[in-house]
Number of protein chains: 2
Amino acid sequence: MDINKQTQPAKIFIELILETFRFNGLLISVGDGLTKELGLTSSLWQVLGAIRETPIPMAQIARNMGLSRQGVRRSTNILIDKGLVQFKENPDHKRARLIVPTEEGRKVLAQLEKIQVDWSNSVSKEFSENQLKNVIHTMRFLSEKLYLL
Amino acid sequence: MDINKQTQPAKIFIELILETFRFNGLLISVGDGLTKELGLTSSLWQVLGAIRETPIPMAQIARNMGLSRQGVRRSTNILIDKGLVQFKENPDHKRARLIVPTEEGRKVLAQLEKIQVDWSNSVSKEFSENQLKNVIHTMRFLSEKLYLL
DNA sequence: AACAATATGACAATTAGTTGTCAATAAAAT
DNA sequence: ATTTTATTGACAACTAATTGTCATATTGTT
């Protein structure tokens with residue numbers, strides 16, 4: 001039996017994976033740089049950002065952001081120590097308390113947003129909406145395929 | 001002065017970042033699943049894969065793959081313990097020895113490649129070459145912008 | 001209503017990865 | 001040629017993240 005031959009799209013897909021790793025790493029390091037002054041790391045602002053609009057429990061943050069439940073728990077503990085978030089009883093679930101930003105947390109979120117807006121504006125300046133949307137769409141589509149396998 | 005308003009591409013760019021985090025996490029977990037039987041984790045096969053064609057020193061692996069030098073060192077040590085790679089004197093650089101696969105390492109690389117070919121073929125089946133290339137291109141373009149800032 | 005299956009968060013132990021520092025080597029500048 | 005700057009890899013200390021297990025709460029089944 002012959003060795004299966006790798007199709008052309010498959011080769012490019014592998015390239016895409018490696019590029020994703022690099023891009024992801026770059027985003028994290030740039031993100032860390034941007035928010036260093038706020039005393040936040042990527043894992044922290046990912047969690048803080050996740051409850052910007054609606055307070056949700058840890059497990060849901062994990063699901064939304066593609067993080068592990070335990071990782072979110074850890075980050076949440078740190079954010080609590082920093083006084084940026086707190087627990088709030090969840091009427092719908094006795095165990096799964098909501099994570100909500102404190103007053104201080106809201107201030108940091110506002111600063112975060114300011115930084116993010118300036119930065120994202122300047123980075124995305126030369127890109128069209130469609131170009132970026134296409135990337136997101138393809139990633140999501142690929143993700144679906146990955147889940148199925 | 002008004003708060004800077006976030007442009008539409010900027011908003012989508014932020015979405016793209018979050019999607020990248022999720023996609024990256026998914027790739028790692030799927031990759032770990034695929035290569036579990038070989039006793040390799042993502043960080044390990046990233047390093048092993050990097051020297052598939054040409055043996056290079058640790059620092060170069062790190063640069064190519066967007067990993068930290070120290071992380072690569074760690075992975076390399078593990079791969080050496082597992083007997084999959086070894087050092088080889090580098091005529092061009094006394095300090096920076098080349099990392100080369102052992103006989104056993106080459107076997108694992110072959111298995112890895114087999115798995116990778118089957119998997120990438122099946123995932124990328126419904127994607128056009130161009131669609132994937134566009135994603136890579138956009139990521140690289142974004143990366144350039146990120147470096148400049 | 002009773003039971004089974006799933007989701008959630010806590011904790012401990014382990015593994016993975018980073019940071020800071022150092023000495024050796026190589027490359028670049030003068 | 002000499003000096004300065006970069007790169008490279010090693011090591012140790014530290015921080016981050018994962019894994020496995022457990023008790024509790026919720027949801028789904030019968």
Side-chain angles (χ1 to χ4, degrees), chain A residues 21-22 24-33 35-36 39-48 50-51 55-82 85-100, chain B residues 21-22 24-33 35-36 39-48 50-51 55-82 85-100:
Chain A
F21 289 165
R22 278 187 286 259
N24 185 75
L26 184 58
L27 286 176
I28 285 174
S29 90
V30 171
D32 281 351
T35 55
K36 191 172 46 195
L40 294 177
T41 60
S42 305
S43 359
L44 294 182
W45 56 254
Q46 267 188 277
V47 169
L48 192 55
I51 54 166
I56 48 177
M58 295 186 199
Q60 199 175 331
I61 296 175
R63 252 182 281 108
N64 289 354
M65 297 284 152
L67 305 169
S68 71
R69 221 164 75 248
Q70 299 83 339
V72 172
R73 185 182 177 275
R74 197 174 171 281
S75 301
T76 301
N77 281 341
I78 295 172
L79 290 171
I80 288 175
D81 288 348
K82 286 180 178 289
V85 304
Q86 60 192 13
F87 287 121
K88 182 183 163 199
E89 290 307 320
N90 183 352
D92 295 338
H93 197 305
K94 197 167 178 181
R95 193 117 211 254
R97 287 171 295 172
L98 304 171
I99 316 298
V100 301
Chain B
F21 289 164
R22 277 187 286 259
N24 185 75
L26 184 57
L27 285 175
I28 286 175
S29 91
V30 171
D32 281 350
T35 55
K36 191 172 48 193
L40 295 175
T41 60
S42 305
S43 0
L44 295 181
W45 56 255
Q46 267 188 275
V47 170
L48 191 56
I51 55 165
I56 49 179
M58 294 186 202
Q60 198 174 333
I61 296 175
R63 251 182 283 106
N64 289 355
M65 296 284 154
L67 304 169
S68 72
R69 221 163 77 250
Q70 299 83 341
V72 171
R73 186 182 176 274
R74 198 173 172 282
S75 299
T76 302
N77 281 341
I78 295 173
L79 289 171
I80 289 175
D81 287 349
K82 286 179 179 289
V85 305
Q86 60 193 15
F87 287 120
K88 184 184 163 196
E89 290 308 319
N90 182 354
D92 297 336
H93 197 306
K94 197 167 178 184
R95 193 116 212 257
R97 287 170 295 174
L98 303 172
I99 315 298
V100 300

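Just so we're on the same page: letters track the sequence lines, and every chain starts at 1.
- At least one side-chain heavy atom of B/Ile56 sits less than 4.5 Å from a side-chain heavy atom of B/Asn64.
- With a glycosidic angle no further than 90° from 0, D/dA6 counts as syn.
- For DNA chain D, none of the residues of residues 85-92 of chain A falls under the heavy-atom distance limit of 4.0 Å.
- Within 4.0 Å (heavy atoms only), B/Arg69 reaches at least one base atom of the nucleic acid.
- Nearest-nucleotide positions on DNA chain D for A/Arg95 and A/Ser43 put A/Ser43 closer to the 5' end.
- Between the CD1 atom of B/Ile78 and the OG1 atom of B/Thr41 there is a distance of 6.5 Å, given to the nearest 0.5 Å.
- Residues of residues 55-63 of chain B having a heavy atom closer than 4.0 Å to DNA chain C: none are found.
- From B/Leu98, atom CG reaches atom CE of B/Met58 across 11.0 Å, with rounding to the nearest 0.5 Å.
- A/Asp32 has its side chain out of reach of A/Lys36: every pair of non-hydrogen atoms, C-beta onward, lies at least 4.5 Å apart.
- The distance from atom CZ of A/Arg95 to atom CG of A/Asn90, rounded to the nearest 0.5 Å, is 13.0 Å.
- Nearest heavy atoms, A/Leu44 versus A/Ser75: CD2-O, 3.7 Å.
- When DNA chain C is scanned in the 5' to 3' direction for atoms under 4.0 Å from non-hydrogen atoms of chain A, the outermost contacting nucleotides are C/dT8 to C/dC11.
- Taking CD from A/Gln60 and CZ from A/Arg69, the interatomic distance works out to 13.5 Å, rounded to the nearest 0.5 Å.
- For the pair A/Lys88 and A/Arg97, the minimum side-chain heavy-atom distance is 4.5 Å or more.
- Taken from CD in B/Gln46 to CG in B/Leu40, the straight-line distance is 11.5 Å, to the nearest 0.5 Å.
- Residue-to-nucleotide proximity on DNA chain D shows that, of A/Gly71 and A/His93, the 5′-proximal contact is made by A/Gly71.
- Only one option out of A/Ile80, A/Leu48, A/Ile61 pairs with A/Ile99 in a side-chain contact (heavy atoms from CB on, under 4.5 Å); it is A/Ile61.
- Atom CG of residue B/Leu79 and atom CD1 of residue B/Ile51 lie 7.5 Å apart, to the nearest 0.5 angstrom.
- Mapping heavy-atom proximity under 4.0 Å, the span of DNA chain D touched by chain A runs 5' to 3' from D/dA16 to D/dT26.
- Over its length, the helix from C/dA1-D/dT30 to C/dA24-D/dT7 turns its helix axis by 40°, as judged from the five terminal pairs at each end, rounded to 10°.
- Between the B/Ser42 side chain and the B/Gly31 main chain, no donor and acceptor come within less than 3.5 Å of each other.
- Taking the side chain to side chain contact (heavy atoms under 4.5 Å, CB included) definition, one finds that A/Ala62 meets it with A/Val72, sequence neighbours left out.
- At a threshold of 4.5 Å between non-hydrogen side-chain atoms, the residues A/Leu67 and B/Phe21 do not count as touching.
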